[in-house]
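Single-structure report; data block below.
All residue numbers in this chain count up from 1 along the given sequence.
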Amino acid sequence: MIRRKIIPALILGTAVAVTACGSNASTQSAESSTQDVLAETETSDESLQEAEADETSEIVTNLSKIDNTKWQYNEEDNVYYQLGIQYCENPADTDYEELAVIVPAAYMDASDNGDGTYTCTLNTTAEVNGYTAETAPIVFPVNTPGYAAQSPMTEYSSVSEYTDAGFIYVHAGCRGRDAGAPAGVTDLKAAIRYIRYNEGNIAGDMDSIFSFGMSGGGAQSALLGVTGDSELYDDYLEEIGAVMGVSDAVLGSQGWCPITSLDSADEAYEWMMGTTRSDLTQEEQSISDGLTEAYAEYINSLGLTDSEGNALTLEQSDDGRYQAGTYYEYMVSVIEESLNNFLADTEFPYDADASSQGHHAGMGQGGPGGKGEFGGPGGKEENAEGGNAEVGNGGGPGGESDDNTGKGDFASTPEGNMDDVDFTAIDDISRTENSSGVSISGTFETAQDYIDALNANGTWVTYDETTNTAKITSISDFAEAVKTASKGIAAFDQLDESQGENTLFGYGDGQGAHFDSMLAEVLEKLGSDYASDFAEDLSTEDSVGHTVDYRLNMYSPLYYLLSGSDGYKTSNVAKYFRINTGIWQSDTAVNTEANLVLALQNYGSDVDYSFVWGQEHTMAERSGDSTSNFIEWVNECVAAESE
């Protein structure tokens, strides 16, 4: 592993330009000799970093490093911490652009200043869980459901799960969707750059930074993983006075239910879940059909392949909705794998009501006693007699929101375990309710009893008791039973600009704007009255002169991962990803998350993923809890790096 060495001759408090070795320097802004190397070779990210290791970049900032005379101590958790650290020179919003650092006390030698603060120096020999001050990984939470703002820590909050594991915990406030993309990811990148600027000044291995988040936070965590050092962010980083010449790449990224790939999310949603809609107007049905066709064209242009190198494409089916082809069959296999994992993990009798504790708790689904969520897609009918399926209320959890400003931020104490959070209740995303789908409740004595419950409204799952495996009849039947649409036509770029993602791609005034160019083309072909609104928004420039297509690329992981894209190999993509999702959620289509996994695998990243049966929009895990599993995964990644 290549390490950056920052020469410590910095003049703090004044603008500085310091020569530094940088393995993670931007592949677009590196020195000319590095560009020559990159032009001659098509290599993995690891070899790109090796090629850059001998080059230099200038660190330019007016920011001082973290003041080691101002640490505070928490005796119960045995940690030192600092709050309220400004990580950019020209913050756009001082309410958010600050960070906190929490460090296991063993990594510090401290002297009491007598005023509640301590002067600390690094102790590089003491160990916590096998880590030292120089080798400890840094974990970086992104708790931004619905792309909301994340408030900085204003008082100490325990994160002992992480510090007891020997990790450094860095919590950065960031602006939310009302500030307009790319404000949130820009702030998070600026915070990472500032922490890395402090290499050698504070504890932590700056080559081992791991981000993690759920929902919109999972999406922004994934973006941190994919967009490392992307030149597209430079204008926005410079605007807020981020440290320049320092990498913002991460080693690993964890995302639960990442609401991402917004450039194609509307189309993916209609392709998978459009058949579950009812009472559509003629225009709405035409839009749904148009988006489905656009999705097929999109998939066929990507060049995705499966693990054996087979091209994944869609073909038109008899119903006109492109439910055929190798990509379709691949998605069927993803769904069936999820169901069969559940059958393998779960011991019967299975208590579905007891497992509902996991609905918002990120608990696993299987194992003794059925520890995990297993509610239907929406309201779960209580059944005292147990073991029976009833027609549920369908749709995703949570009702329609009246407030889509996104100005609120998540969890004033977000630093600890997120497992108990109902993200759908706080993300201000518009959801509707419908009457389709099945609901599961009570105790099921056998796997066949459970399969019968899934088939309550019609047979779509067949079960082989001898192999304890199941197959589904079709994706549309799967969606109708357990993944019915809970968002209106154009689920993310809604026609009235009222959805949270519309605000995300607005212009910093909290108002919505359109961003989906494929949807715009559909509306233009249909002669829709909405077409002119889309055309206007798609041509509007933001404060630094970029239109929404530029900003959408910054928030589209596949732009950086696919060989046919202009963004391919223009960023330092994380080596490790962990992606977990509740496959029954109606917040986004399964294929959106599957595309991300495929693209990462095609790119060469190490991807640990799980599509968890029976869970919805939650921190889904097949077993155990999300925090423990994340910590274990980080340990495994760090161990792999040392081999």
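Test Gln323, Glu270, Glu267, Arg321 against Thr292 for side-chain hydrogen bond (donor to acceptor under 3.5 Å, both in side chains) and you get one pass: Arg321. Put simply, the residue from Thr592, Asp266, Ile475 that forms a side chain to side chain contact (heavy atoms under 4.5 Å, CB included) with Trp271 is Ile475. Among Tyr507, Tyr550, Tyr236, the single residue meeting the side-chain hydrogen bond (donor to acceptor under 3.5 Å, both in side chains) criterion with Asp542 is Tyr236. Of the residues listed (Glu616, His617, Lys483), the one engaging Gln585 in a side-chain hydrogen bond (donor to acceptor under 3.5 Å, both in side chains) is His617, and it is the only one.
Atom CH2 in Trp460 sits 7.5 Å away from atom CG in Asn455 (nearest 0.5 Å). With values rounded to the nearest 0.5 angstrom, Met554 atom CE is found 14.0 Å from Asp263 atom CG. With rounding to the nearest 0.5 Å, the separation of CG in Leu562 from CG in Asn602 is 7.5 Å. For the atom pair Leu304 CG and Leu558 CG, the distance stands at 6.5 Å (nearest 0.5 Å). Between the OG atom of Ser230 and the CG atom of Asp248 there is a distance of 8.5 Å, given to the nearest 0.5 Å. Distance check, rounded to the nearest 0.5 Å: CG of Leu314 to CD of Glu329 gives 10.5 Å.
Formation of a donor-acceptor pair under 3.5 Å by the Glu336 side chain with backbone atoms of Ser333 is not found in this model. With hydrogens and angles disregarded, a donor-acceptor distance shorter than 3.5 Å links the side chain of Asp537 to the backbone of His514. At least one donor-acceptor pair closer than 3.5 Å links the side chain of Thr540 to the backbone N or O of Glu536. Of the possible polar contacts, none joining the Asp229 side chain to the Ser571 backbone as a donor-acceptor pair under 3.5 Å is found. Looking only at distances, no side-chain donor or acceptor of Asp477 sits under 3.5 Å from a matching main-chain atom of Thr473. Not a single donor-acceptor pair under 3.5 Å links the side chain of Ser261 to the backbone N or O of Ser264. Side-chain atoms of Thr276 never come within 3.5 Å of backbone atoms of Thr484 as a donor-acceptor pair (strictly under, hydrogens ignored). Between the side chain of Ser605 and the main chain of Ala574, a donor-acceptor pair closer than 3.5 Å is present. Side chain of Asn502 to backbone of Asp493: no donor-acceptor contact under 3.5 angstrom is found. Between the side chain of Tyr463 and the main chain of Asp452, no donor-acceptor pair closer than 3.5 Å is present.
Here Arg175 pairs with Asp187 in a salt bridge; the nearest charged N to carboxylate O distance falls below 4.0 Å. A salt bridge does not link Arg277 with Glu480: none of the charged nitrogens is closer than 4.0 Å to a carboxylate oxygen.
Looking at Ser301 and Glu297, their side chains never bring a donor and an acceptor atom within 3.5 Å of each other. A donor atom on one side chain and an acceptor atom on the other are found under 3.5 Å apart for Ser528 and Glu283. Ser221 and Ser211 are linked by a side-chain donor-acceptor pair at a separation below 3.5 angstrom, with hydrogens and angles left out of the test. In this model, a donor atom of one side chain and an acceptor atom of the other lie less than 3.5 Å apart for Tyr327 and Asn595. The closest side-chain donor-acceptor pair between Asn591 and Tyr295 falls under 3.5 angstrom.
Nearest heavy atom pair, residue Ser474 against residue Ser476, reads OG-OG, 3.1 Å. Minimum heavy-atom separation, Ala589 to Ala268: CB-O, 3.6 Å. Heavy atoms only, all atoms of each residue included: Leu538 and Thr547 are closest at O-CB, 3.8 Å. Here the closest heavy-atom approach between residue Phe611 and residue Ile583 is recorded as CB-CD1, 3.9 Å. Counting all heavy atoms, side chain and backbone alike, Ser543 lies closest to Glu239 at OG-OE2, 3.3 Å. Among all heavy-atom pairs drawn from Ala470 and Asn340, the shortest one is N-OD1, 2.6 Å.
Put simply, the side chain of Asp587 does not reach to within 4.5 Å of the side chain of Cys257, judged on heavy atoms. Taking 4.5 Å as the limit, some side-chain heavy atom of Phe492 sits within range of a side-chain heavy atom of Ile259. Proximity of Tyr560 to Leu232: side-chain heavy atoms (C-beta onward) are separated by under 4.5 Å at one or more points. No side-chain heavy atom of Asn341 sits less than 4.5 Å from a side-chain heavy atom of Trp613. In this structure, Tyr603 and Phe577 have side chains that are not in contact, with every pair of non-hydrogen atoms separated by 4.5 Å or more. For the pair Tyr322/Ile299, no side-chain contact is recorded, criterion being any heavy-atom separation below 4.5 Å from C-beta on. Counting only heavy atoms from C-beta outward, the side chains of Ile451 and Leu454 approach each other to under 4.5 Å. Looking only at side-chain heavy atoms (C-beta outward), Leu504 and Gln499 stay at 4.5 Å or farther from each other.
Summarising the local packing, CD of Gln285 is surrounded by more than 12 heavy atoms from other residues, nucleotides or ligands at distances under 6.0 Å. Around the CD atom of Gln316, the shell of radius 6.0 Å holds more than 12 heavy atoms that belong to other residues, nucleotides or ligands.
Residues passing the salt bridge (charged side-chain N to carboxylate O under 4.0 Å, His left out) test with Glu593: none are found, sequence neighbours excluded.
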Step by step, work out the side-chain contact (heavy atoms from CB on, under 4.5 Å) result for Phe342 and Val612. CA-CA 8 Å; Phe342 167 76; Val612 185; over 6 Å; no

Would Leu224 and Val185 count as a side-chain contact (heavy atoms from CB on, under 4.5 Å) if you check the C-alpha gap in whole Å, the side-chain angles of each, and the deciding distance to 0.1 Å? CA-CA 7 Å; Leu224 290 175; Val185 176; 4.2 Å; yes

Starting from the C-alpha separation in whole Å, work towards a yes-or-no answer on side-chain contact (heavy atoms from CB on, under 4.5 Å) for Val142 and Leu188. CA-CA 8 Å; Val142 186; Leu188 297 169; 3.7 Å; yes

Under the side-chain hydrogen bond (donor to acceptor under 3.5 Å, both in side chains) criterion, do Thr227 and Lys189 qualify, and how do the steps go? CA-CA 10 Å; Thr227 67; Lys189 283 175 170 287; 3.0 Å; yes

Take Phe515 and Glu497, measure what side-chain contact (heavy atoms from CB on, under 4.5 Å) needs, and give me the verdict at the end. CA-CA 10 Å; Phe515 58 88; Glu497 302 179 345; over 6 Å; no

